Amino acid sequence: MITVRPSDERGVANLGWLDSRHTFSFGHYFDPQQMGFGPLRVINEDRVRPGAGFDTHGHRDMEIISYVLEGALEHKDSIGTGSVIRPGDLQVMSAGNGIRHSEFNHSKQEPVHFLQIWVLPDREGISPRYDQKTFSEFEKRGRLRLIGSPDGREGSIVIHQDVEIFAALLDAGDAVTHAFTGGRKGWVQVVRGAGEVNGKPVRREMAWLWKARQRSRSRPAQATPSSSCSICRRNNPTGA
């Protein structure tokens with residue numbers, strides 16, 4: 001079964017310096033039907049004005065992932081990390097037993113556009129940590145590149161949960177196929193462009209949700225004229 005989550009049904013927060021779209025309930029946006037997807041709790045599409053950002057604030061027991069689409073995002077935290085995240089970078093911060101951080105647009109002239117993704121961890125109270133890796137366009141062009149996993153295989157970034165995150169950049173005519181083994185579910189987020197997923201038309205910022213209790217294989221995801229997307233694959237607990 002495939003369920004569609006249209007982009008224009010997402011929650012909206014516009015604070016002047018921040019223009020955000022919430023896929024799931026977040027902040028002042030609450031929809032009891034949109035509380036997450038298994039351990040996938042947040043997908044916010046954020047645009048931050050030049051020089052602006054999120055002041056220092058705290059988190060705990062959450063895997064917080066940032067994926068920059070345009071511009072540059074500056075990060076500082078209470079464990080001593082200072083970094084700039086650019087397109088192609090994937091950042092993960094394990095909040096663990098408590099961390100404080102800030103995120104600002106690194107540029108004084110250009111906006112920054114990024115996805116912030118929160119995943120509930122598989123255990124609580126771990127030591128906070130930070131990691132960041134770069135995945136080139138070449139690695140994602142025309143294929144699904146594993147960028148996040150619980151074991152860090154294939155050079156992916158480690159996430160403390162039984163999830164896998166893939167990214168793809170598809171040119172016109174490109175197609176990729178992914179098999180979901182029994183008990184797995186998948187979330188597809190179209191970031192740019194348009195195409196088809198299992199024969200259904202998709203466009204920028206639309207999400208396609210697979211629910212499969214048996215082994216399933218999707219028909220190719222195709223791009224037209226060009227697009228980028230990510231797939232989050234997770235285990236399927238009983239009753240989910």
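In this text, all values refer to a predicted model and were calculated from it rather than measured experimentally.
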Are [X] and [Y] grouped together when hydrophobic residues (ILVMFWY) are joined by side-chain heavy atoms under 4.5 angstrom apart?
{"X": "V92", "Y": "I165", "result": "yes"}
{"X": "V42", "Y": "L73", "result": "yes"}
{"X": "V158", "Y": "V163", "result": "no"}
{"X": "L40", "Y": "V191", "result": "yes"}
{"X": "V176", "Y": "F166", "result": "yes"}

Using side-chain heavy atoms (C-beta onward) and a distance below 4.5 Å, is [X] in contact with [Y]?
{"X": "M62", "Y": "M93", "answer": "no"}
{"X": "D46", "Y": "D19", "answer": "no"}
{"X": "P111", "Y": "R49", "answer": "no"}
{"X": "R47", "Y": "V112", "answer": "no"}
{"X": "I99", "Y": "I79", "answer": "yes"}
{"X": "I126", "Y": "H160", "answer": "yes"}
{"X": "F114", "Y": "E70", "answer": "no"}
{"X": "V48", "Y": "W17", "answer": "yes"}

Grab the two heavy atoms, one from [X] and one from [Y], that are nearest each other, plus how far apart they are.
{"X": "R143", "Y": "A168", "result": "O-CB, 3.2 Å"}
{"X": "V84", "Y": "D89", "result": "O-OD2, 3.9 Å"}
{"X": "K133", "Y": "G155", "result": "NZ-O, 3.3 Å"}

Using the side chain to side chain donor-acceptor pair (under 3.5 Å) criterion, which residues pair with [X]? Sequence neighbours excluded.
{"X": "D77", "result": "H75, T81"}
{"X": "E124", "result": "none"}
{"X": "H59", "result": "H57, H101"}

| field | Derivation and outcome, ring pair (Phe, Tyr, Trp, His ring centres under 6.0 Å), residues F24 and H22 | value | CA-CA 5 Å; F24 306 118; H22 307 325; over 10 Å; no
| field | W118/F26 aromatic ring centres below 6.0 Å | value | yes
| query | Is the gap between the ring centers of H178 and F180 under 6.0 Å? | reply | yes
| task | Hey, can you tell me if F37 and W187 have their rings parallel, tilted or perpendicular (30° and 60° cut-offs)? | result | tilted
| task | Run the numbers on R21 and D8 for salt bridge (charged side-chain N to carboxylate O under 4.0 Å, His left out), then give the verdict. | result | CA-CA 9 Å; R21 298 294 183 272; D8 58 7; over 6 Å; no
| said: Taking F135's backbone N and O only, do any of them form a donor-acceptor pair with K140's side chain (distance below 3.5 Å, no angle check)? | reply: yes
| request: Indicate yes or no for a side-chain donor-acceptor contact from Q161 to the backbone of L120 under 3.5 Å, with no hydrogens or angles considered. | output: yes
| message | Looking only at the side chains, is there a donor atom on one of S102 and D55 sitting less than 3.5 Å from an acceptor on the other? | response | no
| field | Under 3.5 Å side-chain donor-acceptor pair for S94 and Y130 | value | no
| note | Exactly one candidate in I43, N44, I117 meets side chain to side chain contact (heavy atoms under 4.5 Å, CB included) with T23; the answer is I43
Run the salt-bridge test on [X] and [Y] with the 4.0 Å N-O cut-off and return the result as yes or no.
{"X": "R10", "Y": "E45", "answer": "yes"}
{"X": "R129", "Y": "E63", "answer": "yes"}
{"X": "E110", "Y": "K108", "answer": "no"}

Mind checking side chain to side chain contact (heavy atoms under 4.5 Å, CB included) for [X] and listing every partner two or more places apart, or none if nothing turns up?
{"X": "D151", "result": "S149, R153"}
{"X": "N97", "result": "R60, P128"}
{"X": "D31", "result": "S25, Y29, Q33, Q34"}

| Residues E154, R145; criterion side-chain contact (heavy atoms from CB on, under 4.5 Å); working and verdict | CA-CA 9 Å; E154 300 177 24; R145 171 62 162 102; 4.2 Å; yes
| message | Are there over 12 heavy-atom neighbours, none belonging to R41, within less than 6.0 Å of that residue's CZ? | response | yes
